[in-house]
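Small disclaimer: the values here were computed from a predicted structure and weren't measured.
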Amino acid sequence: MDKTYSPGEIEERVYRQWEANGLFAPAGSGPPYCIVIPPPNVTGTLHMGHAFQDTIMDALTRFHRMAGDRALWQPGTDHAGIATQMVVERQLNGEGRTRHDLGRDAFTARIWQWKEQSGGTIARQMRRLGASVDWSRDRFTMDPGMSRAVQEAFVRLHEQGLIYRGKRLVNWDPVLKTALSDLEVQSEETDGSLWHIRYPFADGDGHVTVATTRPETLLGDVAVAFHPDDERYRGFAGRRLTLPLTGREIPLIADDFVDRAFGSGCVKLTPAHDFNDYEVGERHGLPLINVLTADATIGDAAPARYHGLDRVTARRQIVTELDAAGLLEKVEPHRHTVPKGDRSGAVLEPWLTDQWYVRIAPLAEPATRAVEDGHIRFVPSNWDKTYFEWMRNIKDWCISRQLWWGHRIPAWYGPDGTVYVARSEAEARERHGIAPGVPLVQDEDVLDTWFSSALWPFSTLGWPDRTPELAAFYPTSVLVTGFDIIFFWVARMIMMGLHFTGEVPFREVYVHGLIRDHEGQKMSKSKGNVIDPLDIVDGIGLEELVAKRVTGLMQPKLAPAIERGTRKQYPAGIAAHGTDALRFTFASLATQSRDLSFDLGRVEGYRNFCNKLWNAARFVLMMTEDPADPGPESPTPYDRWIRSRLAATIATVREGFAQYRFDQAAQAAYEFTWYEFCDWYLEFSKPVLQTPDARPEEKRATRRALLETLEALLRLLHPLMPFITEEIWQMVGARAGKSGASIMREPYPAVSADAAAPAVEAEVRWVMDFILGVRRIRGELDIPPSVPFALRLQNASALDLERLARNEAAIRRMAGVSGAMPLAAGEAAPQAAAAHVGDLGILVPMAGLIDVDAELARLDKRRVKLEQELARARTPSSATRASCRMRRRRWSPRNRSACLSSSVNWRNLPNNRSG
RNA sequence: GGGUGCUUAGCUCAGCUGGUAGAGCGUCGCCCUUACAAGGCGAAUGUCGCAGGUUCGAGCCCUGCAGCACCCACCA
C-alpha cells in the first residue's frame with residue numbers, strides 16, 4: 001500500500017470496476033428497496049445540494065443493498081420546461097435571434113441538441129460522486145415512455161372530469177408570455193406609492209376618493225366599492241361615478257370584503273386585473289374590461305391615446321393627467337408585496353386567459369388522508385404540518401404553459417373550436433368520428449414541468465404498463481428531498497400516485513436541510529459563494545475558480561466583489577479532498593436542522609480521517625500474514641474489548657441509518673475508528689505483536705481481531721465512504737476470510753449476540769485511565785516520552801494489582817513506565833505528582849526524575865511571565881488583537897485560577913511554591 | 001395576518017423519551033516514538049438567548065419575553 005492515501009486515482013478506477021461488473025442493478029431475492037432520484041435539470045450541473053442529496057440516497061441504497069435488500073436507485077433527469085427553454089433562448093439571443101425566428105420545430109430541435117450536448121454532465125458528476133444508480137434504467141421526462149405516461153395521465157384525468165379548460169385570471173408572466181401556477185409566484189416586498197384619486201359623482205357635485213397602488217388599472221375599472229356598514233358611504237349606494245380620464249360611468253357598490261380602515265375606505269374594482277376584484281366582480285355580476293396585452297402594454301379596451309404604452313409609462317402618464325385634472329388628492333409612500341415570476345423576475349399580471357386546470361380538491365383529500373393515517377411518514381415528522389397547511393388551502397392547479405419546450409397538451413381543436421382530448425390525433429378522430437378531411441389543430445401549449453414530475457415514481461417504473469418493476473418496487477421506499485419542493489413536487493406525487501395506482505408513491509419522505517455556505521448564506525451565483533462539489537473532490541486552482549465564479553453572471557457588475565471575496569477566502573484555490581471525504585462531510589452535516597452550513601474545514605478533517613483509516617489498514621496489513629498462521633488462538637482482553645466496542649458501534653450506526661440520522665451514524669463510526677480502533681486497539685496490539693515474549697496463541701488471536709475488526713469496519717463505513725473502503729477491502733477482505741468480489745455485495749455488519757463484554761470493557765477502561773493518568777503527569781511536568789520512569793502506587797486494591805499484572809506490557813509501553821511498585825504498609829509517600837483511577841493513586845516520584853529546584857524555578861519563571869501578561873492586559877490599548885484574544889481567554893476571572901494552578905494533583909510539594 | 005423553525009465552546013453544529021455539557025475546525029504546550037506530521041501525547045475553553053415555573057434534579061418539560069430565519073396569504 002502507498003504510504004499516503006490519494007483518492008483521485010482510486011475513486012475513478014473503483015467506480016469503473018463497479019459499473020463494469022454490473023453491481024448497481026438490483027440483485028438477489030431479498031425484499032425490494034427503491035429510491036427514485038429527484039430528477040435534476042437535464043442540461044444543468046449538480047450543485048452542492050444535489051451532491052448532498054445524492055450522498056444520502058447512495059448511502060441508503062448501499063446500506064440496504066448490503067443488508068440483503070433488492071435495492072434499486074432509479075436515476076433520471078428532468079426536462080425542466082421554463083428553465084431549459086430560457087437557457088437556450090439566451091443562447092439564441094447571443095446570436096441576435098429569437099425563438100420566433102426559428103419557429104417551434106427548429107427551436108425544440110435546438111433544445112434537444114443542447115440536451116444531447118450537455119446532458120452527460122450530470123451523469124459524469126454522479127459517477128464521480130460514487131452514485132450507485134442503476135444506469136440501465138436511466139430515464140428522461142421527455143422520453144417516449146415518460147411522454148406516454150404523461151399523455152395517459154392527462155387523458156384519464158380529463159375523462160374523469162379532473163382536468164378542465166377554463167377562462168379565468170391567471171398569474172401571467174409578461175416577459176415569458178406564459179401563465180404560471182400559484183407556486184411559481186414569488187411575493188416580493190417593494191416600496192411603492194399609494195395614490196389617492198378622486199372619482200366624481202356622475203350626477204353632479206362631489207366625489208369619492210379611492211386609494212390604489214396601481215393607477216394604470218383605472219382604465220379597466222368597472223365599479224368602486226365600500227363596506228356596507230361604513231357610515232361615510234352608506235347613503236351613496238346606487239349612485240354612479242364618472243371614471244376619470246375615460247368618462248365611463250361606473251357604479252358605486254357595497255361589499256363587505258372592503259377594509260374600512262384602509263385608505264379612504266373605497267376601493268376601485270378592476271376584475272380583469274386583480275384576483276380580489278375578480279371575485280367581487282363575480283358576486284356583483286360586473287363586466288371584465290381587459291386593458292392589458294400579453295406583454296403588459298395597454299391594449300384596445302382602453303382609450304386610444306394609451307395604446308401601446310407599457311405599464312410603467314402608462315402609470316406615469318395617468319398620474320400626470322389625474323394631477324392636471326385636479327383629481328389626484330395625494331400620494332403616499334407605501335410598502336407592499338408585488339408578485340414576480342420565480343424564473344423571469346418580471347412583475348406578474350393577473351390576466352384573463354384560457355388555461356388548463358387540474359381540479360385539485362378530489363385529489364387532495366386522499367392525499368391528505370394518506371399522511372394523516374400514517375401511510376406516508378415525514379422525517380422529521382413536523383414537516384407533515386407544513387404539508388397539511390398547504391393541502392388545506394390548495395387551489396386548482398394551472399397546468400398549461402405558453403412555452404415550446406415540454407409535453408404538448410394532448411388536445412385538438414376542430415374548426416368550430418370544439419376540444420377533443422385524446423392520446424393522439426388519430427384517437428381523437430376515431431373516438432369522435434371526425435372525418436379525415438376535417439382539420440384538427442393540436443393545442444399549442446405544453447404542460448407544467450411538475451405535471452410529469454408528479455408521475456415520476458411510477459412512470460419511471462413503466463406505468464401505465466404493468467411492468468415487473470412496477471410490481472416489485474412500487475410503492476417506493478423513501479423519497480429523499482428538500483423542504484423547498486414539498487408543495488411543488490412531494491404533494492403532487494402523493495396526489496397523482498394515489499389517484500393512478502391506488503397506492504402511495506413512497507412510504508417515507510426524508511426531508512433534509514438546505515446546504516448553505518460556511519456563513520449560513522444561501523449559495524447562489526450572484527453571491528459568488530457557490531462551490532462545485534467536484535472542485536472539492538478534485539481540487540481547483542485559484543484562477544480557474546475565480547473565472548468560474550465571475551463568468552455568466554446575470555449582473556456583471558458584481559464580478560469584482562466576487563473575485564475579491566474568492567481570492568481572500570481561497571488564496572490557494574481548493575485542494576483535492578476526494579469523494580469519500582466530501583461524502584462523509586455531507587453525512588455528518590445531515591442533522592435535523594433545515595439550514596446546513598457547509599465548511600470546507602470539515603472536509604479537510606474528514607479527508608484526514610480517510611488518511612487515518614488508510615494508514616490503520618497499512619498497519620494491519622504489516623502486522624498480519626497471508627495466509628494466517630493456523631495455530632491455536634487465545635484472545636487478549638484487548639481483542640475482546642475491541643469486538644465489544646465494534647458491536648456497540650455497529651448498533652449505533654445501524655440505528656442512525658434507520659432513523660435517517662446520518663450525522664449520528666457518521667460520528668459513531670468516526671469515533672470508533674479513530675478513538676478506539678486507532679488510538680487504543682492498534683497500540684494495544686503492538687506489545688503483543690512486536691515483542692518476542694508474547695504468547696504465540698495471543699499473537700494469532702490479535703492478528704485475527706485486527707483483520708476482522710478492520711474488515712467489519714470497512715463494511716460499516718462503506719455506504720458513507722464507498723471508494724476507500726472498497727480499495728482497502730480488496731486487500732484486506734481475503735486475508736480476513738472473505739471471498740466476495742466487492743465490498744458492495746458483502747453483508748452489512750450486524751451485532752453478534754456474544755460480542756458485548758462489559759467486564760472486559762471495565763478492565764480496559766481501567767487500563768486506559770491508568771495510562772491517561774500517567775500521560776497527563778508526563779505532559780504537565782514536560783517529561784519527554786523518551787524518558788521512562790517508575791511509579792509508586794497508593795491505596796492499590798487486590799483488583800488493581802491483578803489488573804496491573806495482566807496489563808503490564810501495555811502500560812509499560814503506552815505510558816512509558818518502567819515499573820510500578822505499591823507503597824509498603826506505613827510507607828510515607830515520596831515527593832511526587834499524582835493521578836487517580838478510582839481510589840488508586842498513581843504517584844510519579846520526583847526524586848531523580850526532575851530536579852525539584854529547577855522545576856520550581858521553571859514554574860516561577862512561568863508565573864512571572866503570566867503576571868506580566870496580566871499586567872499588560874489591564875492596559876489593552878497597547879495590546880495587539882491576537883494577544884488580546886489570548887488574554888481574554890486566559891485571564892478572564894473564571895479562568896484565572898485554572899491558569900495558575902496545574903490540573904495535576906500536586907502532593908508533597910513544598911508549600912512554598914515560589915521557592 | 002397565519003404557520004414553522006432556530007438561539008449550546010472563537011467558528012459550524014450534535015445533545016435520543018429530563019440525571020454531573022460533546023464533536024469537527026480553530027487555540028495553547030510537548031513530541032519527526034518505524035501505521036499515519038493529512039500525525040502522536042497532553043491542555044484550555046461554555047451563567048446551554050433572557051425571565052419565571054414544574055421537579056430531588058432542566059440545555060432538554062411549561063409560561064412569558066427578546067432576537068434571527070424560513071414558508072404561506074387577495075387588504076386595494
- Give a yes or no answer on whether the side chain of A:Ser818 reaches the backbone of A:Phe789 with a donor-acceptor pair at less than 3.5 Å. yes
- Not counting sequence neighbours, which residues clear ring-ring contact (aromatic ring centres under 6.0 Å, His included) with A:His577? List them please. none
- Item | Pairing partner (Watson-Crick or G-U wobble, both distances under 3.5 angstrom) of B:rC65 | B:rG49
- Message: What's the gap between B:rG26 and B:rA44 when it is taken at their C1' atoms, as a whole Å value?
- Response: 13 Å
- Task: Classify the nucleic acid contact of A:Cys678 as base, sugar-phosphate or nothing, counting any heavy atom under 4.0 Å across all strands shown.
- Result: base
- Message: Give me the distance, rounded to whole Å, that separates B:rG67 from B:rU17 when you measure between the P atoms they each carry.
- Response: 29 Å
- Rounded to whole angstroms, how far apart are CD on A:Glu676 and C1' on B:rA23? 14 Å
- Message: Distance check, P atoms only: B:rA66 and B:rC28, in whole angstrom units.
- Response: 42 Å
- Side-chain N or O of A:Ser597 less than 4.0 angstrom from OP1 or OP2 on B:rC13? yes
- Item | Reported NZ-to-CD distance for the pair A:Lys340 and A:Gln186, which is rounded to 0.5 angstrom | 10.5 Å
- Task: Go through residues 661-668 of chain A and report each residue with a non-hydrogen atom lying under 4.0 Å from RNA chain B, sorted by number.
- Result: A:Arg661, A:Asp663, A:Gln667
- Query: Who is the Watson-Crick or G-U wobble partner of B:rG1, with both distances under 3.5 Å?
  - Reply: B:rC72
- Message: Partner lookup for B:rC56, please. Criteria are Watson-Crick or G-U wobble with both distances under 3.5 angstrom; report none if nothing qualifies.
- Response: B:rG19
- Query: Which part of the nucleic acid does A:Lys385 contact within heavy-atom distance under 4.0 Å: base, sugar-phosphate only, or nothing?
  - Reply: sugar-phosphate
- Message: For the P atoms, the ones on B:rU33 and on B:rA21, what distance do you get once it is rounded to whole angstrom?
- Response: 38 Å
- Item | Interatomic distance at P, B:rU47 relative to B:rA9, whole Å | 8 Å
- Item | Minimum-distance nucleotide (side-chain atoms of A:Trp674 versus B:rC36, B:rG5, B:rG39) | B:rG39
- Quick one: is A:Lys686 getting a side-chain N or O under 4.0 Å of the B:rA35 phosphate, OP1 or OP2? yes
- Residue list, salt bridge (charged side-chain N to carboxylate O under 4.0 Å, His left out) with A:Asp484, at least two apart or on another chain: none
- Item | Residue list, side chain to side chain contact (heavy atoms under 4.5 Å, CB included) with A:Asp538, at least two apart or on another chain | A:Arg128
- With a 3.5 angstrom cut-off on both distances, give the Watson-Crick or G-U wobble partner of B:rA14, or none if there isn't one. none
- Between A:Thr591 and A:Ala616, whichever has its closest RNA chain B nucleotide further toward 5' is A:Thr591
- Verify the ring-centre separation between A:Phe662 and A:Phe586: is it less than 6.0 angstrom? no
- Item | Closest heavy-atom pair and its distance - A:Ser588, A:Arg602 | OG-NH2, 3.4 Å
- Message: Under the rule for salt bridge (charged side-chain N to carboxylate O under 4.0 Å, His left out), what residues qualify as partners of A:Arg516, not counting sequence neighbours?
- Response: A:Asp595
- Item | Whole-Å C1' distance, B:rA14 and B:rG46 | 15 Å
- In B/S/- notation (B base, S sugar-phosphate only, - none; protein heavy atoms under 4.0 Å), nucleotides 69-76 of chain B written 5' to 3' is -BSS-BBB
- Item | Residues forming a salt bridge (charged side-chain N to carboxylate O under 4.0 Å, His left out) with A:Arg168, sequence neighbours excluded | none
- Should A:Arg778 be listed as having a side-chain N or O under 4.0 Å from OP1 or OP2 of B:rC30? no
- Message: Using a heavy-atom cut-off of 4.0 Å across all strands, would you classify A:Arg607 as base, sugar-phosphate, or nothing?
- Response: base
- Note on the structure: note: A:Tyr387, atom OH; B:rU4, atom P; distance rounded to Å ~ 18 Å
- Item | A:Gln569 CD to B:rC25 C1', straight-line distance once rounded to whole Å | 14 Å
- Query: Who passes side chain to side chain contact (heavy atoms under 4.5 Å, CB included) against A:Glu9, sequence neighbours left out?
  - Reply: A:Arg13
- Atom-to-atom span, CG of A:Leu689 to P of B:rU34 - whole angstrom: 17 Å
- Query: Please give, in whole Å, the distance from B:rC36 P to A:Trp614 CH2?
  - Reply: 14 Å
- Item | Between B:rG57 and B:rC75 - P atom distance, rounded Å | 50 Å
- Message: Please classify the nucleic acid contact of A:Ile486 as base, sugar-phosphate, or nothing, using heavy-atom distances under 4.0 Å.
- Response: nothing
- Task: Only counting residues at least two apart or in another chain, list the ones meeting salt bridge (charged side-chain N to carboxylate O under 4.0 Å, His left out) with A:Arg594.
- Result: none
- Query: Please give, in whole Å, the distance from B:rG29 C1' to A:Arg775 CZ?
  - Reply: 16 Å
- Note on the structure: Winner on side-chain proximity to A:Thr4, out of B:rU12, B:rA35, B:rA38, is B:rA38
- Take atom C1' in B:rU8 and the same atom in B:rG22, then report the distance between them in whole Å. 10 Å
- Taking the six-membered ring where the residue is Trp, are the ring centres of A:His334 and A:Phe262 under 6.0 Å apart? yes
- Task: Tell me the partner of B:rG39, counting only Watson-Crick (N1-N3 plus N6-O4 or O6-N4) or G-U wobble (N1-O2 and O6-N3) with both under 3.5 Å; none if nothing fits.
- Result: B:rC31
- Classify the nucleic acid contact of A:Tyr5 as base, sugar-phosphate or nothing, counting any heavy atom under 4.0 Å across all strands shown. base
- Item | Within 45° cone and under 6.0 Å: A:Lys686 NZ/CZ vs A:Phe619 ring | yes
- Query: At under 4.0 Å, does any side-chain N or O of A:Lys3 touch on OP1 or OP2 of B:rU34?
  - Reply: no
- Message: If I take atom CD1 in residue A:Ile724 and atom C1' in nucleotide B:rC36, what distance separates them, rounded to the nearest angstrom?
- Response: 12 Å
- Item | Sugar-phosphate only, base, or nothing, as touched by A:Asp277 at under 4.0 Å among non-hydrogen atoms | nothing
- Task: Could you check A:Gln592 against A:Phe619 and say which one's nearest nucleotide on RNA chain B is further toward the 5' end?
- Result: A:Gln592
- Item | Euclidean distance, atom CG of residue A:Leu621 to atom P of B:rC36 [Å, nearest integer] | 14 Å
